[in-house]
Amino acid sequence: MRIGIIGLPQSGKTTVFNAIAARNEAVGDFGVREKPNIATSFVPDHRLDELSKIYKPKKTTYASVEYLDFPASNTTFGKGHGLEGRFLNELGAMDALLHVVRAFEDGSVPHPNETIDFERDRTTMDLELAFADLAMLERRLERIEPEMRSLKQSERVPLQALVSVLEHLKQELEQEIPIRNISLNPDETRLLQGTSFLTSLPLLEIINIGEETLDEQNSIIESLESENTQTGRAITTLCAKFDMELNSLSEEEAKEFQEDIGVLERGYEGVLRLSYELLGLISFLTVGEDECRAWTIKKGLSAPKAAGQIHTDLERGFIRAEVIAWDTLLSIGTETEAKRQGLIRTEGKDYIVQDGDVMHILFNV
Ligand SMILES: Nc1nc2c(ncn2[C@@H]2O[C@H](COP(=O)(O)OP(=O)(O)OP(=O)(O)O)[C@@H](O)[C@H]2O)c(=O)[nH]1
Ligand SMILES: [Mg+2]
């Protein structure tokens, strides 16, 4: 999973990146970097921790997420010129976008619009993303036109179908409807394969609040919660500066500090949880003396497809899966005992993998 961090200049993108990926990149550099910062962070998983205590494997492998922190440009951003052109392709290849929206007040950090207004900045970004998609749509349509003319009437049909989908998307975007909210039939989806639109990506919005409003965090989240019902969009708050500072403390110190101010979840935990929900992801586990490991899959995948995440051979030669829920296994203690009690199920090709399933795949290639 790859998440691209975007936002207006000086909104706290790099600070959020540092907070959630436990990094220490320079902040306040006004987007002078040529390339995004990249970090891989591991998804904390207490199920895997508990099972590893039983198996004592040589290696415990957590699921991972890659974060890319994109620099913003003061000259183009927020002015309706779209996002920074040089990063558009990279942004389109993300699995989700994380928009850092500034809500913190700090006189020493300039805002491109001078005042602090997070609702305004959310709208600005929605428009930026829509502009970028519209520009891309227009370029595609312009390129198709001469191609169309060079074809015989009978050969034009597939291209005409593509043109009408693109025109449809364009009309909706002009009404400020993001592509993720437009329902497309399977044929239309197929025509658009290989094209990545920024407004079709799931969008996670992080309202970056100031340290002095930390105690209001829960009520801010509550007031924004109704927005989390929107398709492909989730919103939460984080005090990036505070969360980044917690990284320099030990785990116990950080816990204590959090309890003092009543913030129970670490920023990165919240971001991960929401990203999983937003992207419809779950994990299944594999256990053994060599390795205990968490695998991330889309909700609703069949056992062979899930097995394919481990290795394509396991999908191709899938015979059956032996499955037990992680907490059942934990309470019984060993697989041998679980098997004796008939608690390990045999599941076939149609089984839909559930979050927290511990699986052994039997296959033959
Ligand atoms: N007071 C306060 N300052 C913050 C907070 N988050 C970020 N800042 C400050 O805001 C400034 C900009 O932060 P960055 O993380 O560099 O912002 P950015 O969006 O990455 O900036 P560019 O990449 O240059 O667009 C820095 O001086 C941060 O210390 C916050 O929650 N509270
Ligand atoms: Mg930055």
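Just follow the structure's listing: the first ligand is 1, and inside any ligand the first atom is 1. Just the heavy atoms: all of them, side chains too, but no hydrogens, waters or symmetry mates, feed the values below.
- Identified under the salt bridge (Lys or Arg N to Asp or Glu O under 4.0 Å) test for residues 38-58, with sequence neighbours left out: Asp45-Arg47, Arg47-Asp355, Glu50-Lys53, Lys58-Asp290.
- At least one N/O/S atom of Thr14, whether from backbone or side chain, sits less than 2.8 Å from the Mg ion (ligand 2).
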Requested in this report: Apply side-chain hydrogen bond (donor to acceptor under 3.5 Å, both in side chains) to the pair Arg293 and Thr60, showing each step before the final yes or no.
Outcome: CA-CA 6 Å; Arg293 181 162 181 167; Thr60 298; over 6 Å; no

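- At a heavy-atom cutoff of 4.0 Å, ligand 1 is contacted by both the backbone and the side chain of Val27.
- Remark: ligand 1 atoms within the under-4.0 Å shell around heavy atoms of Lys241 are 1 (N), 2 (C), 3 (N), 4 (C), 5 (C), 30 (C), 31 (O), 32 (N).
- Using a 4.0 Å heavy-atom cutoff, Leu238 is absent from the residues neighbouring ligand 1.
- Residues passing the salt bridge (Lys or Arg N to Asp or Glu O under 4.0 Å) test with Glu188: none are found, sequence neighbours excluded.
- Contacts between Asn208 and ligand 1, counted as non-hydrogen atom pairs separated by less than 4.0 Å, involve the side chain only.
- Each of Glu119, Arg120, Met125 was scored for a side chain to side chain contact (heavy atoms under 4.5 Å, CB included) with Arg122, with one residue passing: Glu119.
- For Arg102 and Phe104, the positive end sits near the middle of the six-membered ring, less than 6.0 Å away and at most 45° from its axis.
- Every atom of ligand 1 is numbered from 1 in the order shown, and the set under 4.0 Å from a heavy atom of Cys239 is 31 (O).
- Below 4.0 Å from some heavy atom of Asp106 lie the following atoms of ligand 1, by number and element: 1 (N), 3 (N).
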